[in-house]
Structures are given as structure tokens and as C-alpha cells.
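Shown next, in C-alpha cells, is the structure this report addresses.
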Amino acid sequence: MEIANKIVSAVKAGILELYGTEVSESMIQLQETRPEFEGQLTVVVFPFLKISRKKPEDTAQDLGTFLKTQIPEVIQDFNVIKGFLNLTIQPSQWIDLLLDIQQQEHFGFVPVTEDSPLVMIEYSSPNTNKPLHLGHVRNNLLGWALANVMQANGNKVVKTNIVNDRGIHICKSMLAWQYYGNGETPESSGKKGDHLIGDYYVAFDQHYREQVKELVEKGMDEETAKQEAPLIKEAHDMLVKWEQNDPEVRSLWKRMNDWVYAGFDETYKALGVGFDKIYYESETYLEGREKVEEGLEKGLFYRREDGSVWADLTPEGLDEKLLLRSDGTSVYMTQDIGTAKLRFQDFPIDKMIYVVGNEQNYHFQVLSILLDKLGFKWGKDLVHFSYGMVELPNGKMKSREGTVVDADDLIATMIADARQMSADKVNKLENITDEEAQEIARVVGLGALKYFILKVDARKNMLFNPEESIDFNGNTGPFIQYTYARIRSILRKAAEQGIEIPEKLSSDITLSNKEISLIQHLQGFALAVRQAGQDYNPSCIANYCYELVKEYNQFYHDFSILREEDNNKKLLRIVLSAAVSQVIKDGMGLLGIEMPERM
RNA sequence: GGUUCGGUAGCUCAGUUGGAUUAGAGCAGCAGCCUUCUAAGCUGCGGGUCAAGGGUUCGAGCCCCUUCCGAAUCACCA
């Protein structure tokens, strides 16, 4: 950062002095020099040609000479190739930069202050009728990572979850449990609460389809049969009773939901995610109705003859959107409006981010417009952090076809596989207890899963290949964790030899290209964090970490560190290693991935 | 049909605000490297019309237009 700033302002001064024109900083392009050329940083001079009215080579030559005489403490030398001005930086500059990075608590993070804007992030948003699956895993990991990224970019962050705890689907589970459950509980069955309820949801669907089939065989057409089957009618009745606060229905509903929440909490804990504030749709849907009525009075919406309420969004190029059914009950959109209202009462939100799958792009487009019309100042530029589907090698995830990947199963499998991998490893760690081994397996297994999902650009549909995800070779979490553990091992050994990480380094060390390059890449972490915040995309941090680790690995194999005889050089490499491990830990920490001290 | 998002190696994915005659990783395949700080590693080889065509300019995988292919969505479901 420092070095680049010095150069940029010097270039600016140079253009002014040489050609008498003020240029904006965005015109000054500073980039890393390609390895095949001499130097470390390159100024692209093409943008200045119109100002200089000279050939690219001459312009670069002018500028290089200016820089070398103007800031000799930064620029050691320069060379010109076509329109590219390659700068060789004074080694002491790199050493200062390295020390700066190493000594900062969290290099590249922007501190959060009293005045920082408040960002609320909604993610997870489960239904209480079935357990979490792979799609939810992607959502949770993205939400958690994004929250960390926003905070690292200097925002106050409130993590929130909206639980969809009401509606026909919940009634289906309740009904099935009443009919086929024999009073089964999580305790009596030994099942996790969310799995138990999920099983009854499936049971409902089976029996319901049988009923439909019977009716069709009796001569009813399928559409009518779907509406007339006794089970679905009962479910609807139950929903009505629920809305009327029927004590019996409400008490069963509460009991079963509590089972589910206990199950979800376990899964969230295993994934390492959490929330600051949880909202329930059962508490927000009425607020939404009020807000819609309010909008209706203001003439923002209109009522049809059958009593249903609509928003006309054709001026915005969208359709008409239903807000209240003809019977006065709420739809999804109404609930989101209600939730928004409550949230705004609770927090002074500056920015709202919804982490929701891309199948709801249209919904959020509409929600943004509606919230804006209803006077929420953050409504207009709310962010729908839209992520793609997770597909499986043999097709998409579909619950009906039994191709869902259950979150709990997945986590357990990852940890078990990590355990197996470390057992098979050639150089096994000695002197570790079984508990320690299990803890390492947990960290590594989850690291593998999280990294595999987070390294992919969130917007894209991704393919989850279970076999590949447990392969710890290549661009994977365990590869990064492993490098980290090795660095930590070196630092431990250094400490055993009585070598502390120095606060200062001799300024006349000759740096190799690889060392300079590594320091430069460390610096890039700040950019990666900023970019992740701007684009709402954690994947660039994952890929940054991988690049850094890969480069360090080559470094590691080319140079010995503890066996280096030149003491200054040894200290430099120790500081460099410490800085790399620190940056990796911070980067992976943003993704919610833990780093093992040994593995 | 409308809207939104995608298309980069056999497969999974990167590619920073447009930059350097040669577009990168990993997996899979082949060939090397453990008396040396953890070999879950490192090095080398093969593999590409960046979907297609046009435009913008000193310069395009990236920006604009057209076309083709794929996904999502357009419900009194959530």
C-alpha cells in the first residue's frame, strides 16, 4: 500500500511537471511486473500519451527519470519496454512493508468505529418442516463469510435469520405426526428433532399422493383430486385454526417447532455459524398485512373485486404482484415487508443484504421496489446476494427423487473421511491423543467442505462432487491448512531454538525475487478483502489464499529457513513465514475456516 | 414469449479497474524428486478457435451490439 501510494503520487507530480497536466489517480495504472522482465512494479504509460504527445517509449523514459531522481529512496532503478515502465524498488522498502504487515493485528482489515454504517445480513432462512440440506449449507457458509467480510471492511454487522415457521407445509408435518406418529419424540426415537419432523413431512406426501391416486382411479381428474384429497383439506383446516389461534393446534405447533430448532442449532453449531437476532414469520406476517393496508390507503396498491390486494409494477417493467389473498391472508411478499418493518424498528439499518438463492431474483427485485415505495430508505438499494444452485454429478438435488444431501450426514462424512486420511498419511503425527486427532479431523473435514463451496463464485451454479470434496489434493482447504500447520511447526521450532520473531530487520539484506514476490503478494490481501466487500463475493479471498499458499510452498521447497546460515536472512524468512501464516489465518478466518496448529 | 444470470482444457474452477508475441490452477494421464524445517508436498510433459460473429482502441476472456446454447423466474407456493 505504502509503496504504491508513494509511486502513484510521484507519477502524478511527474506528469504535471513534465507535461503540465493534472491527471486523476484512476489514470495511473500500477501493476506487478511480469516475471520475465526486470523490476517489481510497472507503470502503464499508454493513458498519458495524449498528454505527452510523445512515443510510448519516450514518455516512459521521461517518467522513469523523473521518478528515480524524485523518490530515490523508493526507486532503485527502472527500464522501459514499449509502453511499460518497469520499476525496481529499493529492498529496504520491501522489508519495511513486510514488518508492517507482520506487526499489524489484522493486516488489511478496516477497523469498525462508532460511525461505521450498519449492515444487516439475512441468511439461512430455513423452513421448519425438514432438515437442512446441501443448498442450505452453501447459504449458511456464504452468509457467515459475507458477514465477516463486511465487518473486515469496516461495517457494523448484524447477522439475522428469518425462520419460516408457519404455513401449510408445517401443518402437513403436524398432521402426519398426529396420524402416524404414535407420540414419537426426539427423545423416544433418538432422532434429531428436525429429522424427525422431516420424516413426517415425507410421510404426509406419500399418503397424500396415495389418496390422490385413489380419487383419480375413481374417475376424478387429477387437478380436482389434488384439491379434494382429505389430507390436504385437513391441512388447510389446520392452517385456518392456526391463524385463529386455536390453542390445541398452537401448542402442538410450538412443541414440534421447538424440536426442530434444537436440531437446527446443532447443525449451525457444527457448521460454526450463528446469528445476532432471529425473526420468526409467525411474528412478522401480521405486521406485513398492516403495512400493506397502509400502502393501500396511500394509494400505492389497489384492491380487486374479490378483495385481494395488488401492486401494479408495470411502470417498472414488471408484472402485477399479489400482496394479500382474497381471504385476507398473507403471502410470502407480505411477510418480507413485515419482517423489514420490524427489523428497521430494532436496528438503524444502513444496508440490508439478503442471502437467498437465485431462484428468487424476481422476488427481490419486486421487494426492493415495494420497500422503496413504502418509505424504507435502504429499500431501493438493498442487496440480494444471489447464489446459484448446487448440483450433483448425476443431476440436480431433488427431495422427491431422494437425491438431497443432508447437511448433518455430510458434515459427519467429511469429518470421518478426514480422520481416515490422516490415518493413512505417510508421516503420522506422533504423540497426539485420540481427542486431539478427532479435533484435527473436525477442523480439516469442515475446512474441506467449506473451502470447496466457498472457492466457487457464489453467483454460479456449482457442482458438488462428494468424492472430489474429500480429496485433499489440489486447490482445497486441507492443502491450505496443511501449509499453515507446517509454518506453525517452523515457528515452534524457531522458538525452541530461542529465536523470537524480531521487530526489526537489517536493512541491507539482499532479497531474492521469490522473497520480494511473496511480500508483494502478502500486500495483495488488503485488495482481496476490499474487493470481496465491494462485490459481495467471498470467493476471491479463497482463491487469494490458495495463490499465496502455492507460492509459499515453492518458497518452502527452494529455501531452507531454520538451516539458513546467514542470520539476517534466516530472520527475514522467519518473519516472512510468520506473516504468511498470519494472512492465511485471517483470510481463511473470514471464510469461517479454522486453522489447525498441527495436522 | 418477457426478465435475470451463466458459457474459459476431457472434468471442476480461477482470471483483480481492459495490458506485455506464451489465457492460468487443480483433478485425471505420463516422467522425475523423501539421510534435509510435516512428501496432504515440489518439478517437468501433453491438453484451448476463452460458445459464434461483428464493433469500440494503441491493446478485449473482460466493455457494446447480434446470434446460438444452458439455468432460474414470470402462481391466491414459500
Side-chain angles (χ1 to χ4, degrees), chain A residues 26 29 31 33-34 36-37 42 44 46-47 49 56 81-84 86 125 127 129 164 166-169 281 304 306-310 317-319 321-327 329-333 335-336 357-363 365-366 386 388-389 391 393 396 418 421-422 424-429 444 452 455-457 459-465 467-469 471-476 478-479 481-483 485-494 524 527-528 530-531 534-535 539-540 542-544 546-547 550 553-554 556-564 573 577 598-599:
Chain A
S26 60
Q29 294 179 40
Q31 54 190 245
T33 305
R34 293 257 160 162
E36 59 266 34
F37 301 106
T42 295
V44 185
F46 286 111
L49 296 185
I81 296 178
K82 291 199 253 176
F84 298 94
N86 300 326
S125 317
N127 289 353
N129 62 330
N164 178 16
R166 64 169 283 277
I168 189 78
H169 47 290
E281 283 193 353
R304 285 191 184 168
D306 62 2
S308 56
V309 177
W310 296 75
L318 303 172
D319 299 326
K321 189 76 192 173
L322 177 82
L323 297 177
L324 287 176
R325 296 194 185 96
S326 48
D327 61 4
T329 56
S330 304
V331 291
Y332 182 36
M333 189 62 73
Q335 293 170 14
D336 260 352
N358 63 9
E359 73 272 15
Q360 293 191 27
N361 285 351
Y362 182 73
H363 173 80
Q365 220 180 324
V366 173
S386 161
M389 298 269 162
E391 287 165 23
K396 285 178 194 168
M421 295 293 261
S422 75
D424 295 344
K425 195 179 156 189
V426 190
N427 284 4
K428 285 174 204 167
L429 286 176
V444 173
F452 190 87
K455 75 173 175 186
V456 181
D457 185 342
R459 282 167 302 182
K460 291 184 178 174
N461 288 357
M462 67 171 289
L463 188 83
F464 182 77
N465 185 334
E467 282 168 27
E468 209 174 295
S469 76
D471 187 351
F472 296 158
N473 288 314
N475 184 358
T476 65
F479 172 57
Q481 289 173 319
Y482 178 63
T483 304
R486 269 192 340 226
I487 297 176
R488 297 300 296 169
S489 171
I490 288 177
L491 296 178
R492 272 197 304 275
K493 291 221 161 108
L527 285 174
R530 217 178 52 202
Q531 198 194 335
Q534 276 170 6
D535 301 351
S539 76
C540 64
N543 288 300
Y544 169 84
Y546 176 66
E547 298 286 331
K550 208 164 157 48
N553 264 326
Q554 290 166 19
Y556 177 94
H557 280 268
D558 288 357
F559 301 107
S560 49
I561 294 167
L562 295 176
R563 309 177 88 229
E564 170 64 45
R573 288 179 182 163
S577 299
R598 59 186 75 212
M599 67 184 272

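Naming convention: chains lettered A, B, ... in sequence-line order (proteins, then strands); numbering from 1 in each chain. Keep in mind it's a predicted model, so treat the numbers as computed, not measured.
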Round to the nearest Å and state the distance from A/N127 atom CG to B/C77 atom C1'. 11 Å

Over how many whole Å does the gap from A/L318 atom CG to B/U3 atom C1' extend? 8 Å

Polar side chain donor-acceptor pair, A/T329 to A/R325, under 3.5 angstrom: yes

Picking from B/U38, B/A20, B/C76, the nucleotide nearest the side-chain atoms of A/K493 would be B/U38

Counting side-chain heavy atoms from C-beta on, which of B/G19, B/A20, B/G41 comes nearest to A/N553? B/G41

Where the side chain of A/V331 is concerned, which of B/A20, B/C27, B/A78 is the nearest nucleotide? B/A78

From the options B/G6, B/C37, B/C13, select the nucleotide whose nearest atom is closest to the side chain of A/L463. B/C13

A/N361 CG to B/A71 C1', in whole Å, measures 11 Å

Take atom CG of A/L562 and atom P of B/C37, then tell me their distance rounded to the nearest Å. 10 Å

Minimum-distance pair of heavy atoms, taken over all atoms of A/V44 and A/Q31: CG2-NE2, 3.5 Å

Applying a 4.0 Å non-hydrogen cut-off, can you work out what A/Y546 is touching in the nucleic acid: base, sugar-phosphate, or nothing? sugar-phosphate

Say you pick atom P in B/G1 and the same atom in B/U66; how far apart are they, in whole Å? 15 Å

Which part of the nucleic acid, if any, lies within contact of A/R486, taking any heavy atom under 4.0 Å across all strands shown: a base, the sugar-phosphate backbone alone, or nothing? base

Stacking here means centres under 5.5 Å and planes under 30°; does A/F46 stack on B/G19? yes

On a whole-Å scale, what distance lies between the C1' atoms belonging to B/C68 and B/G54? 15 Å

Mind checking A/V44 for me? I need base, sugar-phosphate or nothing, with any heavy atom below 4.0 Å counting as a touch. base

By centroid distance (under 5.5 Å) and plane angle (under 30°), are A/F84 and B/G19 in a stacked arrangement? no

Among B/U36, B/G26, B/A78, the one nearest any side-chain atom of A/N164 is B/A78

Identify the heavy atoms of A/P478 and A/M599 that sit nearest to each other, and give their distance. O-CE, 3.8 Å

Expressed in whole Å, how much space separates the C1' atoms belonging to B/G61 and B/G15? 8 Å

Verify stack between A/F37 ring and B/A20 base, 5.5 Å, 30 degrees: yes

So, is A/K460 near the phosphate of B/U12, with a side-chain N or O under 4.0 Å from OP1 or OP2? no

Side chain of A/M599 - closest among B/A40, B/C13, B/A78: B/A40

Categorize A/Y482 for me: base, sugar-phosphate, or nothing, with a 4.0 angstrom heavy-atom threshold over every strand shown. base

Taking any heavy-atom pair under 4.0 Å as a contact, classify A/N86: base, sugar-phosphate, or nothing. base

Any N/O donor-acceptor pair, A/T476 side-chain to B/A40 base, under 3.5 Å: no

Ignoring the backbone of A/W310, work out which of B/G41, B/C74, B/C76 is nearest its side chain. B/C76

Kindly say if A/Q554 contacts the phosphate of B/U43, meaning a side-chain N or O under 4.0 Å from OP1 or OP2. yes

B/G24 versus B/U8 - spacing of their C1' atoms, nearest Å: 10 Å

Correct closest heavy-atom pair for A/P56 and A/G83 would be CB-CA, 3.8 Å

In whole angstroms, the gap separating C1' of B/U22 from CZ of A/R34 amounts to 10 Å

Taking only the side-chain heavy atoms of A/N473 (C-beta and beyond), determine which of B/A40, B/C77, B/A20 contains the nearest atom. B/A40

Just to be sure I understand the rule, does A/F452 reach a base, reach only the sugar-phosphate, or reach nothing, if contact means heavy atoms closer than 4.0 Å? nothing

Tell me which of A/P47 and A/S489 sits closer to the 5' end of RNA chain B, going by the nucleotide each one is nearest to. A/P47

Among B/U73, B/C37, B/C76, the one nearest any side-chain atom of A/S560 is B/C37

Check the distance between B/U73's P and A/K321's NZ and give it to me in whole angstrom. 12 Å

How is A/M389 classified with respect to the nucleic acid when contacts are heavy atoms under 4.0 Å: base, sugar-phosphate, or nothing? nothing

Please determine whether a side-chain nitrogen or oxygen atom of A/R459 lies at a distance below 4.0 Å from atom OP1 or OP2 of B/G6. yes

Which pair of heavy atoms, one from A/L463 and one from A/F452, lies closest together, and at what distance? O-CE2, 3.8 Å

Heavy atoms only, 4.0 Å cut-off, all strands: where does A/E281 land among base, sugar-phosphate and nothing? sugar-phosphate

Just to confirm, is there a sub-4.0 Å distance from OP1 or OP2 of B/G41 to any side-chain nitrogen or oxygen of A/K550? no

Please give the nucleotide sitting opposite B/U66 as a Watson-Crick or G-U wobble pair, both distances under 3.5 Å, or none. B/A52

Atom of A/N461, atom of A/E391 and distance for their closest heavy-atom approach: ND2-OE2, 3.4 Å

Can you name the closest pair of heavy atoms from A/I487 and A/S577 and give their distance? CG2-O, 3.3 Å

Kindly indicate whether the side chain of A/Y556, heavy atoms from C-beta on, has any atom under 4.5 Å from the side chain of A/I490. yes

Which part of the nucleic acid, if any, lies within contact of A/I561, taking any heavy atom under 4.0 Å across all strands shown: a base, the sugar-phosphate backbone alone, or nothing? base

Counting any heavy atom closer than 4.0 Å, what does A/T483 reach on the DNA or RNA strands: base, sugar-phosphate only, or nothing? nothing

Write down the distance between OH (A/Y332) and C1' (B/A78), rounded to a whole number of angstrom. 7 Å

Picking from B/U12, B/A78, B/G19, which would you name as closest to the side chain of A/H169? B/A78

Stepwise, does the side chain to side chain contact (heavy atoms under 4.5 Å, CB included) test hold for A/Y332 with A/N164? CA-CA 10 Å; A/Y332 182 36; A/N164 178 16; over 6 Å; no

Distance check needed: B/A78 P versus A/L322 CG, whole Å only. 10 Å

Under 4.0 Å, heavy atoms only, any strand: does A/D457 hit a base, just the sugar-phosphate, or nothing? sugar-phosphate

Which base sits across from B/A9 as a Watson-Crick or G-U pair, both distances under 3.5 Å? none

With a non-hydrogen cut-off below 4.0 angstrom, is A/A485 in contact with a base, only sugar-phosphate, or nothing? base

What does A/Q360 touch in the nucleic acid at a heavy-atom separation under 4.0 angstrom: a base, only the sugar-phosphate, or nothing? base

Mind checking who B/C45 pairs with, Watson-Crick or G-U wobble, both distances under 3.5 Å? B/G29

What's the gap between B/C27 and B/U67 when it is taken at their C1' atoms, as a whole Å value? 34 Å

Of A/M462 and A/E391, the one whose nearest nucleotide on RNA chain B sits closer to the 5' end is A/M462

Is A/R325 near enough to B/A78 that one of its side-chain N or O atoms lies under 4.0 angstrom from OP1 or OP2? yes

Determine, for A/R459 against A/D457, whether the closest basic-nitrogen to carboxylate-oxygen distance falls under 4.0 angstrom. yes

